[in-house]
Amino acid sequence: MEKRNGNGEGLSLREAHGSVFVPAGGPGWRRWLAVAGPALMVAVGYMDPGNWATDLAAGSRYEYRLLWVLLAANLVAIVLQSLAARLGIVRRLDLAQASRRTYPAPVNVALYALAESAIVACDLAEVLGSAIALELLFGLPLALGVLATALDVLLLLALMRFGVRKLEAVVLSLVGSIACAFAVEIVLARPDWGAMGAGFLPALPDAGALYLAVGIFGATVMPHNLYLHSALVQTRRFAGGADETRRAIRLNAIDSVVSLNLAFFVNAAILVVAGAVFFRAGRHDVAELQDAHRLLEPLVGAAIAPLLFALALLAAGQSSTVTGTLAGQVVMEGYLDLRMRPWLRRALTRGVAVVPALFCVVHFGEGSAGGLLVLSQVILSLQLPFAAVPLVQFVCDRRTMGPHAVRGGLKTAAWGATFAVVALNVWLVGDAFRAWLAAGGAAATAVRFVALPLGAALAALLVWVTLWPMIAKRRREPIPARAPAGVHAAAAPARPALEPPPPIARAAIALDFSGREETLLSGALRVLGAARPRLLLCHVVESAPARAFGRDAEDVETGADERRLAEFAEALRPLGFEVDTALGAGDPARELARICDEAGVELVILGGHGHRGLADAIHGTTAEALRHRVKASVLVVPLH
């Protein structure tokens, strides 16, 4: 049976849920090290290739004068990510799960579609960034680089097998390499430190600076990171109680500040290098990643500068692809309660991103990469309000957050940051629409007949989501005078009325003749206890003749398996069981489901061999496939 949390939901990232223990006592630094990690995974999204273009353009055009915009965007990101962590810690729900519990089904379908589109758009930026890095490093054509990025599905699958802490360590090494590369770049670029300090004073030189500032702000806060952070904090296992929950919130806030400031350093370093190298040389038009790479060596005077740039770009793309995958899993499982194998989920997301990228590169040429990066940021901007507004609503709700609900100055700051981000993103998207209308042709037609109606529908949806707490307030119970303390601060539900279930009348035991049949049968009898249901021993022959001719095959393996089934049946009958046998042929999951459904069994028991890595791909996972096909309950007995 699938594990559920205290809210009755499936666990977020169930394969890693609660896998890292955080000690209740001991030195504070040791407890923080146990907590640290989720915000680092999230911070990767703030330094992905989609942010590089705006940083390069801002530095080459205005030197260091837009550094303050990066700082302001980083402060907003810290506020929102800290709120996402608070939601996951207190309610043990991620943002997608909380949305599914709060809004009606049609609204959740729309929110899910928007979240998926944002993840695909983010993945598109990662595909293009990694492909450009491969082109810069190895001269690989951009189209082939786009195809090569599809192979990182295998890399991620391998990483996930080692646990969340190992995955965080890999991401940390990639982020560290990016930071080190740009630290060296800054030293080589020799910036004006005094001018850099002045860049943190708010000022907008002209209207073009305003556009770039909005672009930086809009591209900084990633909507999928809010979903991801609320799930990743649940990989930590804390002691219960209100005091421990407050400590967990505080430690995760520190984690957010440290990790997002690292992301701020990387983005600021890109802008500083662009300002020190390109602005100083009079090259105010550098916005493409390829242009920046080509100009670094002649302007800096060091051959290592473009190499470090390309390596950092590749590391940014690969580290971002890890978090994009996890965010996709969180969104799908949270909104739809649909489980999908991580490698299949990754392949689906990457496939959807690779197709448009490959089409544009082949059809429009390699110069279209920059336009695709801009488009990906516009899509992200469209989705951000639909993640930020529900998040702030949830963490401010005293009914569900109890004593840990956001209030006072933090509540004001949260809503202020949210509305600022929403307003800036609406401005950015509107400006993009105006530019496409002015361009005329197919772009203008698409805006008039597709983008504008879609924008109106999205605006109506956002208004509805924003006003929903007031709409639903009439249906709610009054707020209790004193909320219960603890991790789950919502009012305790009424005690469920449960009746003893009737005994199982018919059960099936699936034997695979791997040599551990006695272990499986012993485990099955232990589960069945004193009950004596009618048993069905079944086996599926997977030989080549059996797969070709099905149950009509009469090969040696089929005859031998039929005799072994009869032998085990004879061994069980003296124990007081009525036993039948059934032999299938072909695909194990499909045949077992057919046999069990035709026999009307209520419980199917089979063995779990604990395959990992390549063995799992070779031997398959019959239990996972069977539970989606058979009508009966499925119980797996470990055999390792």
Side-chain angles (χ1 to χ4, degrees), residues 12-13 36-51 70 73-89 93-99 111 114-126 164 167-168 171 174-175 216-235 252-253 255-264 266-267 316-317 319-332 334-335 349 376-377 379-392 394-395 414 417-418 421-422 425:
S12 293
L13 298 175
L40 174 69
M41 302 279 283
V42 167
V44 166
Y46 290 87
M47 58 184 85
D48 76 336
N51 290 321
L70 280 176
N74 188 64
L75 292 176
V76 171
I78 289 174
V79 171
L80 292 179
Q81 295 298 160
S82 298
L83 296 182
R86 180 185 292 250
L87 175 67
I89 292 168
L93 294 172
D94 58 58
L95 179 56
Q97 291 174 332
S99 297
L111 293 176
L114 288 168
E116 282 284 13
S117 67
I119 291 168
V120 171
C122 184
D123 204 52
L124 177 62
E126 293 154 10
V164 68
L167 188 62
E168 289 169 355
V171 171
L174 291 171
V175 172
I216 292 172
F217 219 100
T220 297
V221 184
M222 298 287 187
H224 69 280
N225 278 336
L226 302 179
Y227 292 100
L228 180 60
H229 204 175
S230 60
L232 285 174
V233 294
Q234 297 180 55
T235 63
N252 275 278
D255 187 30
S256 298
V257 171
V258 172
S259 299
L260 290 177
N261 278 331
L262 177 60
F264 166 71
V266 171
N267 283 310
S319 56
S320 298
T321 203
V322 174
T323 58
T325 299
L326 295 177
Q329 181 180 345
V330 169
V331 166
M332 175 176 285
Y335 274 117
T349 303
S376 70
Q377 299 310 302
I379 295 174
L380 286 170
S381 300
L382 278 170
Q383 205 278 324
L384 179 59
F386 298 95
V389 170
L391 172 64
V392 178
F394 297 152
V395 296
T418 300
V421 169
V422 170
N425 278 278

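Sequence positions, counted from 1, serve as the residue numbers for this chain.
The heavy-atom pair separating Gly37 from Asp255 by the smallest distance is N-OD2, 3.4 Å. Of all non-hydrogen atoms in Val331 and Tyr227, the two that sit nearest each other are CG2-CG, 3.9 Å. Closest non-hydrogen pair, Ile119 versus His224, comes out as CG1-CB, 3.8 Å. Asp94 and Gln97 get closest at one heavy-atom pair: OD1-N, 2.8 Å. The two residues Ala388 and Thr418 make their nearest non-hydrogen contact at CB-CG2, 3.9 Å. Contact detail for Leu114 and Ser117: the closest heavy-atom pair is O-OG, 2.6 Å.
Proximity of Tyr46 to Asn225: side-chain heavy atoms (C-beta onward) are separated by under 4.5 Å at one or more points. Between Val42 and Ser259, every side-chain heavy-atom pair lies at or beyond the 4.5 Å cut-off. Side chains of Leu70 and Phe264 form a contact here, defined as non-hydrogen atoms less than 4.5 Å apart. Taking the side chain as every heavy atom from C-beta outward, Ile78 and Asn261 approach each other to under 4.5 Å.
In this view, His229 and Gln81 satisfy the side-chain hydrogen bond (donor to acceptor under 3.5 Å, both in side chains) rule, not counting sequence neighbours. Considering only residues two or more places apart in sequence or on other chains, Ser99 meets the side chain to side chain contact (heavy atoms under 4.5 Å, CB included) condition with Leu95, Tyr103, Asn108, Tyr335, Pro390, Phe394.
Between the CG atom in Leu87 and the CG atom in Leu226 there is a gap of 10.5 Å [rounded to 0.5 Å]. In this structure, OG1 in Thr235 is found 8.5 Å from CE in Met41, a value given to the nearest 0.5 Å.
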